[in-house]
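Since the structure comes first, as structure tokens, the remarks are kept for the end.
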Amino acid sequence: MNEDIKTRRKRLLVICILVMLFTAGLAINEADFWGKDDTSVIQYLEVYSAFLPLLIYIVPFGLILRWLGRKYEMKGQELLLSVFCGAFISSAFAGQINGGFDDLMKSLMGHSYSEDWLGSAEAGVVEEVLKLATTALLLYALNRKTLKDYLMIGMSVGLGFQIEEDLSYITESGFEKVKDAFPTALDRISCCFGSHWAYAAVTAVGLYLIVRSTSENHRRRGICWILFVMADHYLYDTPISNGLLFNAILTAAIIMPVIIFFMSPEVQMIEEKE
């Protein structure tokens with residue numbers, strides 16, 4: 001009984017942490033949607049209208065999540081909560097940390113600092129760690145423990161991160177030059193397929209292998225999957241991915257594991273029981 005009370009208290013503490021982080025993230029993200037002091041209402045409407053093309057991937061991804069949620073008996077509220085936490089916790093704090101790192105490196109290294117190479121490495125690590133931490137907190141708060149739980153929660157957190165990042169890219173470029181808002185939106189859509197939703201799903205499986213397994217070999221595999229995602233993310237953010245072939249390889253390399261995990265015997269066994 002005492003152990004059960006301790007567990008509930010720990011879970012309540014984690015929920016409080018999530019609420020505080022979410023509230024702070026809302027305040028941080030608010031700045032992404034404001035233009036300069038002289039920005040007109042027409043400019044706001046022009047920039048915000050560029051959000052609409054994102055529905056090309058948001059709607060299908062949402063429907064897929066809903067279908068998977070029903071298939072694996074996960075509550076839609078839990079998945080929606082995960083999407084919002086990915087947007088307003090992981091993405092918000094990642095933007096702050098990445099921006100602070102860039103400013104620090106530019107002041108220390110001057111023109112020798114390369115955002116494409118050094119900055120991409122930092123972003124890949126920071127963003128994946130924050131998404132994974134958010135996923136871990138949600139899994140604990142929701143008392144979810146199976147492989148499909150880790151996959152679904154991780155995927156949802158990644159999708160929320162992805163949507164918020166796309167919106168911030170559009171507003172950042174659009175308030176600078178209104179004509180750049182729609183091209184930015186189209187560019188973000190073009191790279192949505194193998195993006196944060198897949199990164200977060202794979203790292204969540206890595207976390208599952210580390211936390212839920214008793215085998216040292218499984219834990220090593222879990223660490224390798226997390227490092228693999230960070231490496232793929234880093235390479236995707238560098239000029240190397242500008243080549244269509246290499247871009248396609250990096251995208252396939254991160255999507256195939258997600259498909260394999262959903263087809264794994266552990267998930268299939270759960271499906272058969274249901």
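The analysis underlying the following values was restricted to heavy atoms, covering all of them including side chains, and did not include hydrogens, waters or symmetry mates.
A salt bridge is defined here as a Lys NZ or Arg NE, NH1 or NH2 lying under 4.0 Å from an Asp or Glu carboxylate O, and R188 with E165 meets this definition.
Taking each heavy atom of T171 and S168 in turn, the nearest pair found is OG1-O, 3.0 Å. For the residue pair L65 and L79, the shortest heavy atom distance occurs at O-CD1, 3.7 Å. In this structure, P257 and A252 approach most closely via the heavy-atom pair CD-O, 4.3 Å.
Heavy-atom contacts from other residues, nucleotides or ligands closer than 6.0 Å to CG of L52 number more than 12. Atom OH of Y169 has 12 or fewer heavy atoms from other residues, nucleotides or ligands within 6.0 Å. When the shell of 6.0 Å around CH2 of W117 is examined, it contains more than 12 heavy atoms from other residues, nucleotides or ligands. Surrounding CZ of F84 are at most 12 heavy atoms belonging to other residues, nucleotides or ligands under 6.0 Å away. Open room surrounds CZ on F193; 12 or fewer heavy atoms of other groups in view lie less than 6.0 Å from it.
I223 and L209 fall within the same hydrophobic cluster, defined by Ile, Leu, Val, Met, Phe, Trp and Tyr side-chain heavy atoms under 4.5 Å apart, directly or through other members. No continuous path of ILVMFWY side-chain contacts below 4.5 Å connects I249 to M230, so the two sit in separate hydrophobic clusters. Note on I260 and I255: separate hydrophobic clusters, where clusters join Ile, Leu, Val, Met, Phe, Trp and Tyr whose side-chain heavy atoms are under 4.5 Å apart, directly or indirectly. Hydrophobic clustering (ILVMFWY, side-chain heavy atoms < 4.5 Å, transitive): I189 and F182 are in distinct clusters. L245 is not connected to L250 by any chain of hydrophobic side-chain contacts under 4.5 Å among Ile, Leu, Val, Met, Phe, Trp and Tyr, and they are in different clusters.
At a cut-off of 3.5 Å, with distance as the only test, no side-chain donor of D4 or T7 sits close to an acceptor on the other residue.
A donor-acceptor pair is defined here as one N or O able to donate and one able to accept, closer than 3.5 Å; such a pair exists between the side chain of Q43 and the backbone of S40. No side-chain donor-acceptor contact under 3.5 Å links K148 to the backbone of F262. Under a 3.5 Å cut-off, the side chain of Y208 and the backbone N or O of G222 do not form any donor-acceptor pair. A distance-only check finds a donor-acceptor pair linking the side chain of W197 to the backbone of C192 [under 3.5 Å]. D149 contributes a side-chain N or O that, together with a main-chain N or O of K145, makes up a donor-acceptor pair within less than 3.5 Å. A distance-only check finds a donor-acceptor pair linking the side chain of N247 to the backbone of S241 [under 3.5 Å]. Checked by atom type and distance alone, the side chain of Q162 never pairs as donor or acceptor with a backbone atom of S195 at under 3.5 Å.
Between R221 and E216 there is no side-chain heavy-atom pair separated by less than 4.5 Å. Using a 4.5 Å heavy-atom cutoff, the side chains of I254 and F228 are in contact. Using a 4.5 Å heavy-atom cutoff, the side chains of I210 and I226 are in contact. When side chains are defined from C-beta on, E122 counts as touching N98, because their heavy atoms get closer than 4.5 Å. Counting heavy atoms from C-beta on, the side chains of L137 and L21 come closer than 4.5 Å. The closest side-chain heavy-atom distance from Y199 to F161 is not below 4.5 Å.
Atom CG of residue L130 and atom CD1 of residue I97 lie 5.0 Å apart, to the nearest 0.5 angstrom. The distance from atom CG of L138 to atom CE of M152, rounded to the nearest 0.5 Å, is 13.5 Å. Of the inter-residue distances, the one linking L80 atom CG with K75 atom NZ reads 14.0 Å to the nearest 0.5 angstrom. A distance of 7.5 Å separates CG of L81 from CG of L18, quoted to the nearest 0.5 Å. One distance of note links CG of D232 with CG of L227; it measures 12.5 Å at 0.5 Å rounding. Distance check: L142 CG to Q77 CD gives 10.5 Å after rounding to the nearest 0.5 Å.
Taking the ring centroids of F175 and Y44, they lie under the 6.0 Å cut-off.
Residue pairs meeting the side chain to side chain donor-acceptor pair (under 3.5 Å) criterion with at least one partner in residues 78-92, sequence neighbours excluded, are E78-R144, S90-T134. For residues 52-69, every residue pair satisfying the side chain to side chain donor-acceptor pair (under 3.5 Å) rule, not counting sequence neighbours, is listed here: Y57-D166.
The ring pair (Phe, Tyr, Trp, His ring centres under 6.0 Å) check on F261 picks up W225, with sequence neighbours excluded.
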Query raised in the report: L68 and Y72: side chain to side chain contact (heavy atoms under 4.5 Å, CB included), yes or no, with the steps?
Result: CA-CA 6 Å; L68 288 172; Y72 297 118; 3.9 Å; yes
Query raised in the report: Where do T251 and Y236 land on the side chain to side chain contact (heavy atoms under 4.5 Å, CB included) test, with the steps shown first?
Result: CA-CA 8 Å; T251 300; Y236 197 89; 3.8 Å; yes
Report task. Take I259 and M263 through the test side chain to side chain contact (heavy atoms under 4.5 Å, CB included) and record every step on the way to the result. Result -> CA-CA 6 Å; I259 297 173; M263 295 176 64; 3.8 Å; yes
Report task. Take L147 and R212 through the side chain to side chain contact (heavy atoms under 4.5 Å, CB included) test and state the conclusion after the steps. Result -> CA-CA 9 Å; L147 176 58; R212 308 301 304 177; over 6 Å; no
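With L54 as reference, L167 is the one residue of L186, L167, I163 to meet the side chain to side chain contact (heavy atoms under 4.5 Å, CB included) rule.
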